[in-house]
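Data block below; observations after.
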Amino acid sequence: MSDPRKPVFLVIGAGAGIGGQAAKRFAAGGYHAVLARRSDEEGLARLVAEIEEAGGSATPMLMNAAEDGAIEDLVEHIERDIGPIETMIYNLGAQIGNRSLADTPHRIFELGWRLACFGLFRLAHAAFPSMVERARRGGRHGTLLVTSATAAMRGNAGQHSHAAAMGGRRMLCQTLNAEFAPKGIHVAHVLVDGAVDSPDTLGKLLGDKYEAFKAKKGPEGVIDPAVLAETYWHLAQQPRNCWSHEIDVRPWTDVPWWNDNPNPEIDSKGKGFAGPEAD
């Protein structure tokens with residue numbers, strides 16, 4: 001059940017990793033969490049139950065963000081029936097797999113853009129007017145937290161769709177920040193420059209190799225999404241005279257995206273983690 005006295009924290013992309021853990025953290029901090037994801041109603045219900053068992057409140061929503069009007073209808077429903085959205089996290093992935101140019105159809109390339117970039121634009125377009133009006137009246141400012149990836153900074157072979165989409169996401173965060181920071185909205189681009197321990201994303205990507213991958217990385221070599229959620233919480237609580245627009249996080253064992261001498265265990269062929277096999 002929603003509590004009208006609580007601000008709303010909206011998660012678009014509420015899987016068991018970053019999105020779900022962020023929802024738990026904000027619910028523990030006094031927000032009513034609205035968790036939206038495309039599928040797996042059972043997993044979504046499990047996340048909500050865990051939040052409620054811990055004393056928080058949450059609402060589950062199944063939504064396909066790629067569908068026309070889906071994001072807009074969700075925002076309208078929340079503002080009308082649940083409460084004012086104070087903080088949002090756009091956490092949709094756009095990884096359509098490692099594909100050569102010849103193996104990337106137009107529709108697949110466009111899907112990455114729709115999920116990573118256009119969906120973020122639509123969320124801001126739908127939610128920012130109400131946030132701006134509340135800030136103008138002296139209310140609490142709005143916050144948009146955007147999960148990003150190494151591909152926003154560096155395009156590797158085989159990642160045409162993902163790199164273009166995430167690069168667009170990063171630039172969109174910059175334009176939104178430039179326009180709306182003076183109007184009271186905090187836009188923060190969170191560059192997750194490393195593997196996250198998430199069964200819904202990395203787990204599905206690696207399949208039966210997931211556990212072996214984590215074991216090889218070691219206990220400090222994979223990002224814990226519950227710990228990462230603390231970073232999102234900190235960003236949302238920053239005062240206006242000390243806003244962070246962009247931060248990056250990674251395990252200490254990983255080589256940063258800007259490093260010209262990659263660890264051979266991470267990048268043995270010089271193609272990046274997601275690069276195609278050499279001929």
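Fair warning: this is a prediction, and the values are worked out from it, not measured in the lab.
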Fill in: Minimum heavy-atom distance between A165 and C117, given as atom pair plus value
O-CB, 4.0 Å
Practice prompt. Would you give the length of the straight line joining atom CG of L191 to atom OG1 of T150, rounded to the nearest 0.5 angstrom?
Written response: 6.0 Å
Discussion item. Which heavy atom of Y232 sits nearest to which heavy atom of F26, and what is that distance?
Written reply: O-CZ, 3.7 Å
Worksheet item: Distance from M63 atom CE to L44 atom CG, nearest 0.5 Å?
Response: 11.0 Å
Worksheet item: Are the charged groups of E133 and R136 less than 4.0 angstrom apart, N to O?
Response: yes
Discussion item. Any salt bridge linking R46 with E50? Criterion: basic side-chain nitrogen under 4.0 Å from a carboxylate oxygen.
Written reply: no
Discussion item. Applying a strict under-4.5 Å side-chain criterion to I, L, V, M, F, W and Y, I'd like to know whether V146 and I185 cluster together.
Written reply: yes
Discussion item. Same cluster or not: V192 versus M153, using hydrophobic residues (I, L, V, M, F, W, Y) connected whenever any side-chain heavy atoms lie under 4.5 Å apart?
Written reply: no
Fill in: Spatial distance of atom CE (M88) from atom CG (L120) [nearest 0.5 Å]
8.5 Å
Discussion item. I need the I78 CD1 to S130 OG distance, nearest 0.5 Å.
Written reply: 11.5 Å
Item to complete: Spell out, yes or no, whether F128 and L235 are grouped together once hydrophobic residues are joined by side-chain heavy atoms under 4.5 Å, including indirect joins.
Response: no
Worksheet entry | Chi angles and distances behind the side-chain hydrogen bond (donor to acceptor under 3.5 Å, both in side chains) call for Q238, S244 | CA-CA 8 Å; Q238 287 180 327; S244 299; 2.9 Å; yes
Worksheet item: If we ignore angles and hydrogens, is there a donor and acceptor under 3.5 Å between the side chains of T253 and K217?
Response: no
Fill in: Connected via hydrophobic side-chain network under 4.5 Å: L228 and I247
yes
Worksheet item: After noting the C-alpha distance and the side-chain angles of W233 and F9, does the key distance pass the side chain to side chain contact (heavy atoms under 4.5 Å, CB included) rule?
Response: CA-CA 11 Å; W233 173 259; F9 175 63; over 6 Å; no
Item to complete: Start with the C-alpha gap between S148 and H189, add the side-chain angles, then the distance that decides, and say whether side-chain hydrogen bond (donor to acceptor under 3.5 Å, both in side chains) holds.
Response: CA-CA 7 Å; S148 190; H189 179 258; 2.8 Å; yes
Worksheet item: Among I12, T147, L144, which residue meets the side-chain contact (heavy atoms from CB on, under 4.5 Å) test with I89?
Response: T147
Response to the item:
Heavy-atom nearest pair, A135 first then K183, reads CB-O, 3.6 Å
Practice prompt. Decide yes or no on ring-ring contact (aromatic ring centres under 6.0 Å, His included) for H141 and W243, but give the supporting numbers first.
Written response: CA-CA 12 Å; H141 67 74; W243 275 355; 5.2 Å; yes
Worksheet entry | Gap between atom CD1 of I51 and atom NE2 of H32 - 0.5 Å precision | 9.0 Å
Discussion item. Could you check whether R122 makes a cation-pi contact with F118, meaning its NZ or CZ is under 6.0 Å from the centre of the six-membered ring and within 45° of the ring axis?
Written reply: yes
Worksheet entry | Presence of salt bridge, E246 and R170, under 4.0 angstrom | yes
Worksheet item: What heavy-atom pair brings L35 and A14 nearest, and what distance separates the two atoms?
Response: CB-CB, 3.6 Å
Worksheet item: Linking I/L/V/M/F/W/Y whenever any side-chain heavy atoms sit under 4.5 Å apart, do V190 and I223 land together?
Response: yes
Worksheet item: What do the steps show when you test L10 against L123 for side chain to side chain contact (heavy atoms under 4.5 Å, CB included), and what is the final call?
Response: CA-CA 11 Å; L10 169 61; L123 177 62; 4.2 Å; yes
Worksheet item: Hey, does the Lys NZ or Arg CZ of R154 hover above the aromatic six-ring of W257, less than 6.0 Å from the centre and inside 45° of the axis?
Response: no
Discussion item. Side chain to side chain contact (heavy atoms under 4.5 Å, CB included) for D224 and D197? Distances and angles first, verdict last.
Written reply: CA-CA 6 Å; D224 181 345; D197 188 3; 5.9 Å; no
Item to complete: Compare all side-chain heavy atoms of P60 with those of R37 and state whether any distance is below 4.5 angstrom.
Response: no
Worksheet, complete the sentence: When every non-hydrogen atom of A65 is compared with those of L92, the smallest separation belongs to CB-CD1, 3.4 Å
Worksheet entry | Min side-chain heavy-atom separation T87-L145 under 4.5 Å | yes
Item to complete: Give the minimum heavy-atom separation between V34 and M61, together with the two atoms involved.
Response: CG1-CG, 3.9 Å
Fill in: Pairing of E79 and R134 as salt bridge, 4.0 angstrom limit
yes
Fill in: Rounded distance (nearest 0.5 Å) linking atom CH2 of W113 with atom CD1 of I108
15.0 Å
